[in-house]
Amino acid sequence: MIDTGISVAWLADFDSQAQSVMDRVWKSLRVDPEWKTWLSEYTTDDEPDPMIQFDDRTKPRLMLRGAALSYFVPIGYVTAAREARNLKSFAADLFRDIYVKWAEKRGLPEPPAVTDEHLEAVASRFP
């Protein structure tokens, strides 16, 4: 679980590097002024209840049932992002996809776009 409320399940090939990047990207987005404002206006502690599951499937699937948002992502996508050295943008896109789906289903404005500046603001794991 990312410490700010997004559950992550690794049902195939746990990738500690990807998990670390995902944690740092989410922490960075949550404190970004635009994202922080959007999250405070359109989400609560209970809704949505997002979960990302990495597994052996071949196609991604994003589902919303009530407040539960489930994103089933092929582990091969993680491997490809790591090999291409773009885990930050991969993680940011996952998080944005979740909240875009939430906004669409609730008739809300989409969350802010993720920019290069957002990705550059992600803290290094080596201070």
Side-chain angles (χ1 to χ4, degrees):
M1 158 119 38
I2 295 177
D3 68 359
T4 51
I6 295 180
S7 298
V8 178
W10 296 85
L11 302 183
D13 300 331
F14 175 71
D15 187 319
S16 61
Q17 178 187 10
Q19 181 66 44
S20 173
V21 170
M22 289 180 70
D23 287 344
R24 290 182 282 119
V25 167
W26 182 239
K27 287 176 186 175
S28 180
L29 287 176
R30 286 192 50 92
V31 299
D32 172 78
E34 288 180 281
W35 269 84
K36 188 175 185 175
T37 299
W38 189 91
L39 289 166
S40 68
E41 287 181 19
Y42 301 113
T43 68
T44 67
D45 288 341
D46 298 322
E47 292 190 307
D49 182 19
M51 189 267 302
I52 301 171
Q53 176 177 307
F54 297 103
D55 57 26
D56 289 331
R57 70 183 56 236
T58 57
K59 293 181 182 177
R61 184 169 183 202
L62 183 54
M63 297 178 8
L64 175 64
R65 288 196 177 127
L69 259 167
S70 301
Y71 202 172
F72 302 95
V73 181
I75 193 68
Y77 285 28
V78 177
T79 303
R82 187 181 60 248
E83 289 172 357
R85 304 182 60 80
N86 68 353
L87 279 171
K88 284 184 196 178
S89 63
F90 170 75
D93 289 345
L94 288 178
F95 298 134
R96 187 166 191 284
D97 288 350
I98 286 172
Y99 287 103
V100 165
K101 180 76 165 187
W102 171 254
E104 285 174 357
K105 292 293 186 173
R106 297 294 191 256
L108 304 171
E110 286 189 1
V114 176
T115 64
D116 289 341
E117 290 79 25
H118 287 114
L119 300 178
E120 290 168 8
V122 174
S124 169
R125 65 179 192 168
F126 303 109

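Atom set for the values below is all heavy atoms of this structure, side chains included, hydrogens, waters and symmetry mates excluded.
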What heavy-atom pair brings Arg96 and Pro112 nearest, and what distance separates the two atoms?
NE-O, 2.9 Å

Are Leu62 and Ile52 connected into the same hydrophobic cluster when the rule is that any two of I, L, V, M, F, W, Y join if their side-chain heavy atoms are below 4.5 Å apart?
yes

What's the separation between atom CG in Leu69 and atom CD in Glu47, rounded to the nearest 0.5 Å?
10.0 Å

Given the rule in the side chain to side chain contact (heavy atoms under 4.5 Å, CB included) test, do Leu94 and Tyr77 qualify, once you have shown the distances and angles that lead to the verdict?
CA-CA 11 Å; Leu94 288 178; Tyr77 285 28; over 6 Å; no

What's the spacing between Leu29 CG and Trp38 CH2 if we round to 0.5 Å?
11.5 Å

Could you tell me the separation between the CE atom of Met63 and the NZ atom of Lys105, rounded to the nearest 0.5 Å?
11.0 Å

Would Glu120 and Lys88 pass as an ion pair if we require N to O under 4.0 Å?
no

Counting only heavy atoms not in Arg61, do more than 12 fall under 6.0 Å of its CZ?
no

In the structure I gave you, are the side-chain heavy atoms of Phe90 and Val21 within less than 4.5 Å of one another anywhere?
no

Side-chain heavy atoms nearer than 4.5 Å, only ILVMFWY residues, links allowed to pass through others: does that put Met22 and Val100 together?
no

Evaluate the ring planes of Trp26 and Phe95, with Trp represented by its six-membered ring, and classify them as parallel (under 30°), tilted (30 to 60°) or perpendicular (over 60°).
tilted

Might you point out which heavy atoms bring Arg57 and Lys59 nearest each other, and give the distance in Å?
CD-O, 3.0 Å

Can a donor-acceptor pair be found, under 3.5 Å and without considering hydrogens, that links the side chain of Trp102 to the backbone of Tyr42?
yes

Rounded distance [0.5 Å steps], OG1 in Thr43 versus CZ in Arg106
12.0 Å

Spacing of Asp93 atom CG and Ile98 atom CD1 [to the nearest 0.5 Å]:
11.5 Å

Pairwise side-chain contact, Tyr71 with Pro60, heavy-atom cut-off 4.5 Å (strictly under):
yes

Side chain to side chain, Trp35 and Ser28, heavy atoms closer than 4.5 Å
no

Answer yes or no: is there a side-chain heavy-atom contact under 4.5 Å between Gln19 and Asp23?
yes

Is the shortest heavy-atom distance from the side chain of Asp56 to the side chain of Leu11 under 4.5 Å?
no

Nearest 0.5 angstrom please: Glu110 CD to Glu104 CD, how far?
6.5 Å

Distance-only, no hydrogens or angles: does the Ser20 side chain make a donor-acceptor pair with backbone N or O of Ser16 under 3.5 Å?
no

